[in-house]
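Read through the structure below, which is laid out as structure tokens, and then see the notes.
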Amino acid sequence: MLHDKTIILAISSSIAAYKSCEIVSQLKKLGAEVWVVMTREATNLVTPLTFRTLSGNPVICDLFSPELSKIPVPHISLTKKADLLLIAPCTANIIGKIASGIADDALTTMVLASSCQKLIAPAMNPLMWNNVVVGDNVKRLKKLNFEFIGPEEGKLACGDEDIGRMSEPEAIVSKAASLLVAKQDLAGKHILVTAGGTREAIDPVRYISNRSSGRMGYSLATAARERGASVTLISGPTNLSAPLDIKPIIVESAGGMLEAVMDYYNNANAVIMAAAVADYTTRKVQSTNQSKIKKSNKNLELVLRPTQDILATLSKQKGRKGRVLVGFALETHDLIENAKKKLKAKDLDLVVANDPKTFDSDAIKFSIIDKKGKISAFPQLAKSQAAHMILDRVSAYVR
Ligand code: CTP
């Protein structure tokens, strides 16, 4: 079930740490690759050797430990690779540090450096859990998309029966799995996704293009497939490998992308235009006989003509009820205002607003704006996670 997933299990100093052994062993049974990071204090409760044996990987207590010398910059390379960071047990102290952006040990540094999904299983005394400060910190983390499980009511280490017990390992593992294995809400639906930048030929060897890597579109295609959709991925040339089970249709130019989209549009329940389509193309390939433009000392002028807007073309023939159109708006200024204008001009159902920092990055900070003008802002997230947030919205519209 979790055979292609990497999970970082962060263990802080609560007596519930003994239950984390069972969490590691259950995650391993489900096929996940597990890395354990512990606070120094937690190592007084259960030894790193136990977790090393159960996980099959070195345990991280100190980012500079010689044991980790083979892993370059462990807090970055491991967190980049991780699909989930699970903090179980998570003390009030660690919740407070994470909520304040403190990174003063291996565990908190890895949390701060990670953009994957995060799940927290708190464990503490009821007086601490009910403390307003802890409550505020939890609220803040929930707003930042941290998931929580527990704490539960029951017998506590201090002898009291009250809220504060860490949830049972089975419940934590099943919540972790449900976060990683997508719901099948798009089963039976056909989603068309475009990705990457287009290339407009100047001559047979040169072209005009943009910095799009295609990663957002590929993540959307992967996430839609995970949620049961049949997916058509139309992509400009990229360096990315094809997502599992999907054979991308590779196009070169804006004209090529328009043609391919029109070929598949009729069967689609939703079209997500994540591609950075060229707004202008060369009026004609400059060299009519298909040979390379030769160097000279004179200025060379390129005449560009506007391309046809794919989304605007689609929205004019929306036809079948329930077909959803999603655009991306990449803006260097007035992000929300410009994105709203695009939503209206292209008659879209949703627009995803982001800025150029997104290019060539694994992460994206974005807002989703819907037809009614509702804006949902998201913190910086891994594109794989952002894709699911976007599809949550798409799924609510698709019929
Ligand atoms: N788009 C499209 N056809 C084009 C150009 C863009 O369908 N010929 C789509 C993009 O895939 C994206 C949305 O329109 O989903 C917005 O693209 P963007 O480049 O941000 O905006 P433009 O409409 O091109 O306007 P501008 O470049 O002036 O910001």
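One-based numbering, in listed order, for ligands and for the atoms of each.
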Around F359, counting heavy atoms of other residues, nucleotides and ligands shown, do more than 12 lie under 6.0 Å from its CZ? yes
Does F378 have K365 sitting over its ring (NZ/CZ under 6.0 Å from centre, angle to axis within 45°)? no
Would you please say whether a donor-acceptor pair under 3.5 Å links the side chains of D105 and T108? yes
Please list the nearest protein heavy atom to atom 29 (O) of ligand 1 with its residue and the distance rounded to 0.1 Å. K342 NZ, 2.7 Å
Considering non-hydrogen atoms of the protein only, which is the closest contact for atom 11 (O) of ligand 1, and what is the distance? A275 O, 2.8 Å
One residue to check: A276. Relative to ligand 1, which of side chain, backbone, both or neither has a non-hydrogen atom less than 4.0 Å away? neither
Can you get from I60 to L45 by hopping between Ile, Leu, Val, Met, Phe, Trp and Tyr side chains that sit under 4.5 Å apart? no
Check each atom of ligand 1 against the heavy atoms of A278 and keep those under 4.0 Å away; list them by number with element. 8 (N)
Provide the number and element of each atom of ligand 1 under 4.0 Å from a heavy atom of A329. 20 (O)
Logged contact type for K346 with ligand 1, heavy-atom cut-off 4.0 Å, is side chain
Would you mind listing which atoms of ligand 1 come within a distance below 4.0 Å of any non-hydrogen atom of M273? 7 (O), 11 (O), 12 (C), 15 (O)
Using a strict cut-off of 4.0 Å, indicate which atoms of ligand 1 neighbour a heavy atom of G327. 15 (O)
Regarding S241 and Y218, do their side chains bring together a donor and an acceptor under 3.5 Å, going by distance alone? no
Identify the closest protein heavy atom to atom 17 (O) of ligand 1: which residue and atom is it, and at what distance? F328 O, 3.6 Å
Please say whether more than 12 non-hydrogen atoms of neighbouring residues, nucleotides or ligands are located less than 6.0 Å from CG in N239. no
Tell me, yes or no, whether the heavy-atom count around Q184 atom CD, taken from other residues, nucleotides or ligands under 6.0 Å, exceeds 12. yes
If you compare all heavy atoms of T39 against all heavy atoms of S12, which two are closest, and at what distance to 0.1 Å? OG1-CA, 3.7 Å
The protein heavy atom nearest to atom 3 (N) of ligand 1 is I310 N, 2.9 Å
Mind checking whether D279 contacts ligand 1 via backbone (N, CA, C, O), side chain (CB onward), both or neither, at a 4.0 Å heavy-atom cut-off? side chain
Please say whether the positively charged group of R323, taken as NZ for Lys or CZ for Arg, lies over the ring of Y397, i.e. under 6.0 angstrom from the six-membered ring centre and within 45 degrees of the axis. no
Quick one: look up the protein heavy atom nearest atom 8 (N) of ligand 1 and list residue, atom name and how far away it is. Q308 O, 3.2 Å
With heavy atoms of T307 as the reference, note each atom of ligand 1 found under 4.0 Å away. 8 (N)
Where does L311 meet ligand 1, judged by heavy-atom distances below 4.0 Å: at the side chain, the backbone, both, or neither? both
